[in-house]
Amino acid sequence: GERNYSCFSSSDFYSSLGLEDFLSVGDISGTEEDTDSAILYGTLRGSVVGLRYYTGIVNNNEMVALQRDPNNPYDKNAVRVNNVNGDQVGHIKKELAAALAGIMDSKLAVVEGVVPYGAKNVFTMPVQMSFWGREENREAVLDQLKRHGFKLSPPLKVGSESRFGSKWISGRAGPSYSAPVHAAVQLTTEQLKSEFDKLFEDLKEDDKTCEMEGAETVGTLLLPHQKQALAWMVSRENSNDLPPFWEERSDFYYNILTNFAEKKRPENIRGGILADDMGLVIILIQSLNFCLCRMCVHVSYWFIIWFILICGKYYTLFCYDQFEQHIHQDFNVNIYVYYGSDRSKDPSVLSEQDIVLTTYNILATDYGIRGGSPLHKVKWLRIVLDEGHTIRNPNAQQTKAVLNLEGQRRWVLTGTPIQNSVKDLWSLISFLKMKPFTDREWWHRTIQRPVTTGTPGGLGRLQSLIRSITLRRTKTSKVKGKPVLELPERKVLIQHVTLTEEERQVYQSVKEEGKAAISRFFSEGTVLAHYADILGVLLRLRQLCCHPHLCVNTSSSFSYLSVSADNKTPEELRETLVKKMKLVLSSGSDEECAVCLESLTVPVITRCAHVFCKPCIFEVIRSEQPNAKCPLCRNKLRVEHLVECPPEEEIDSSNGKKSDQEWISSSKVNALMHALIELRRDSPNAKCLVVSQFTTFLSLIENPLKESGFAFTRLDGSMAQKKRVEAIQCFQSSQAGSPTVMLLSLKAGGVGLNLTAASRVFLMDPAWNPAAEDQCFDRCHRLGQKHDVVITKFIVKDSVEENMMKIQNKKRKLAAGAFATKKPSASEVNQTKINEIKALIDL
DNA sequence: ACCGCCGGGTGCC
DNA sequence: ACCGCCGGGTGCC
């Protein structure tokens, strides 16, 4: 909404820096998504009329949806009443509709209905309505109702919504309300956490521990947990079970959450979620391309074989996030790589394939094209989403494109089925076509809200739902009492680095200058308004900890801090946006485009200060016109407001050597080189990753590596796909003379990136988000790793890096306990942010 | 009777 | 709808 505009313009900037996880930037999504903080204002009895004109039928106690019908020729205030299936039951009586229309259109409240009794009436039936909204809108809603002569009853708990399968208690006479049940109990963080752990750790179930031999060619190579996964997947595809929460009654099928019934048997869920936090399954596909470790080769073949043997000659669409071109084609199946400008737009070409590989980005781009996407014209036998969690934003074009694919058997591979809250699950559940959750209203009313408010039974529902469709394997999962995977140890060492006198002087002067500016913001009370600028200060300090050359124009660096944010001319606004974009592009390497989730190609910045690829954001604007909104903050988007990055200056000096500038070292580089040389002396065959967020730093490090005769390779987000594959294969190779060092940018590659050849990691600079570090470490500490993994973090003593570590530790502790609990209030979030800034700059 | 009352026609929004 | 509402027919006691 526009009301939040001023917030967005500053806060979206740090989300594009990827710092929101670290610096507790609150979720400030618009009202439509902000349903979690809704409270119940009260209830109201109304009537549904015109029943005999519609075919939709309901049961007593069944939930109904109220939907505005503004184009109704008889009454612009019309409100439709639909049953769970989406069939219209009738209309809300016009006097009441007149009161509801304004409230619903302005989104002041969400109105939900339940038909308490009289469901079989011929002409009209009662409907019990609940009004939900944000605390601050309560008065406005009550007011609007009052003006039309309606008054809400106190928020009784509506029976069918509050307990698992509970019924309305029918009194002998009059309307049947259940007595107000006790208030919902908010579970403690620990309780919630342990409940969620249980969601996934259910290996005792028969259908998940039963093993199945693979195809003959690979069967002998399967590990027990892989055989289990195979058996489970096959059973899921052939299962005749009703979907969760459905019961067979005498001659119909009954949904115990919504009390909806229908004669037609609800579709089985022929698929599920393979949730795997270490790529045990994800690796199956991706390791095809990194097939240097024997086990991975077979694991991946196994997966392909599974699809061929189980499904016969059918075509299967893989949604492939980390796109790879080199696919082994040893199994005599047709694999079509649907990617690049020469991709066939002919659906029948796709239909001829056994397997079609594509990316979310392509899928989303094609979805909007005139004439329709060929991918959406094929009826797939199977659709497999790799990195399924990337579709967790229900409003993203990618999600919409995925949800609209046709295909009966649907699989989701994801390491993190629930990223932050239950909310994230909806897209996946919807993708699996689980009735009635494909409609977000039923998901929200029956699962999400009960869970987040701690309504008794809510977690139980979620649990049984997840259990029925998910196979979960974690590093600690056990099969027959033995861990599914015994990984070598992982050790993290902190190596402190002391700056030289000279480095310290520069650092100190930049710090004092920044500190003075930030102090001024504090005294002016404009800290949050200058948040982006503050991040800029911190960025420079972080860079100075690494190498003085990373921080280019130090002396005049903060001149822009004094520019007032208001009253800018268009040219000034443009300049500011360009500056912000450059800061984003240089802050950490490989900033992602939120549309394609890949590295930014031709970056442009929106007026709301979000950075996207130019083609990506153009496509968004084109397909959503005339009211295109920013995918990240929902602010209005206009093509003419987009600002491109002026080309004259090289931002990414990826080859490092600033033309003839003489190479100098730094304390941190010295520390690294000392460690590398020692490692080469002690174990000449050991391979290591040198990781930094700054690609320019990696480029600088190339100099001493060459001087000391190291064979090294490099992987960062800016590299073309072919180069990346080459770099990885070359590094993973065990041949003599193959590189022993890989320069790796922190965020390069996806979960599937397999760098198990390395057993040492040198992290050159701490990341804002500890999870990003962990994910990076997991690229070598994963299936296939033969050695203990030692990670060395270089941290400059008495610097912003040390302060970052402190906050990281705090975050880690928080993350360990927090899950789906109530969101902190905006003021709490801001206070945390302010405290973190103070801690970072020693104020 | 510019009323009341009767009884038939009729029926969402 | 075994209702409400509408509008035409009708009109002392």
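We use all heavy atoms of the structure for the numbers below, so side chains are in, but hydrogens, waters and symmetry mates are not. Model, not experiment: these values are computed from the prediction. Below, read A as the first sequence line, B as the second, and so on, with proteins coming before strands; counting in each chain starts at 1.
Side chain A:Asn72 to base B:dC13: a donor-acceptor pair is found below 3.5 Å. Residue A:Tyr54 places a side-chain atom within donor-acceptor reach of the base of B:dC12, judged by atom type and a 3.5 Å distance cut-off alone.
For A:Arg622, the side chain to side chain donor-acceptor pair (under 3.5 Å) partners are A:Glu619, not counting sequence neighbours. Under the side-chain contact (heavy atoms from CB on, under 4.5 Å) criterion, A:Glu95 pairs with A:Lys93, sequence neighbours left out. Scanning for side-chain contact (heavy atoms from CB on, under 4.5 Å) contacts around A:Lys345 gives A:Tyr338, A:Arg343, A:Asp366, A:Ile369, A:Pro374, with sequence neighbours left out. Residues satisfying the side-chain contact (heavy atoms from CB on, under 4.5 Å) criterion with A:Glu640, sequence neighbours excluded, are A:Arg638.
Distance, A:Lys76 NZ to B:dC13 P: 14 Å, rounded to whole Å. Between the C1' atom of B:dC12 and the CZ atom of A:Arg80 lies a distance of 13 Å, rounded to the nearest Å. For the pair A:Asn77 CG and B:dC13 C1', the interatomic distance rounds to 10 Å; values are reported in whole Å.
Scanning residues 92-105 of chain A for heavy-atom distances under 4.0 Å to DNA chain B yields A:Ile92, A:Lys93, A:Lys94.
Centre separation under 5.5 Å together with a plane angle under 30° does not hold for the ring of A:Tyr74 and the six-membered base ring of B:dC12, so they are not marked as stacked.
The side-chain tip of A:Arg138 does not point at the ring of A:Tyr41 from less than 6.0 angstrom away and within 45° of straight on.
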Return the polar atom pairs (N/O with N/O) between nucleotides 1-6 of chain C and the protein under 3.5 Å, or none.
residue	atom	partner	partner atom	Å
C:dA1	N1	A:Arg52	NH2	3.1

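Residue pairs meeting the ring pair (Phe, Tyr, Trp, His ring centres under 6.0 Å) criterion with at least one member in residues 60-90 of chain A: none, sequence neighbours excluded. Contacts classified as salt bridge (Lys or Arg N to Asp or Glu O under 4.0 Å) and involving residues 66-92 of chain A (residues at least two apart or in different chains) are given here: A:Arg68-A:Asp105, A:Asp69-A:Arg80. Among residues at least two apart or in separate chains, there is no salt bridge (Lys or Arg N to Asp or Glu O under 4.0 Å) pair with a member in residues 48-60 of chain A.
Annotation: B:dC2 and C:dC13 have their C1' atoms spaced 25 Å apart (nearest Å). With C1' as the reference atom, C:dA1 and C:dC5 are 12 Å apart, rounded to whole Å.
Checked by atom type, the side-chain pair A:Thr43/A:Gln128 shows a donor-acceptor distance below 3.5 Å.
Nucleotide C:dC13: unpaired (no Watson-Crick or G-U wobble partner with both distances less than 3.5 Å).
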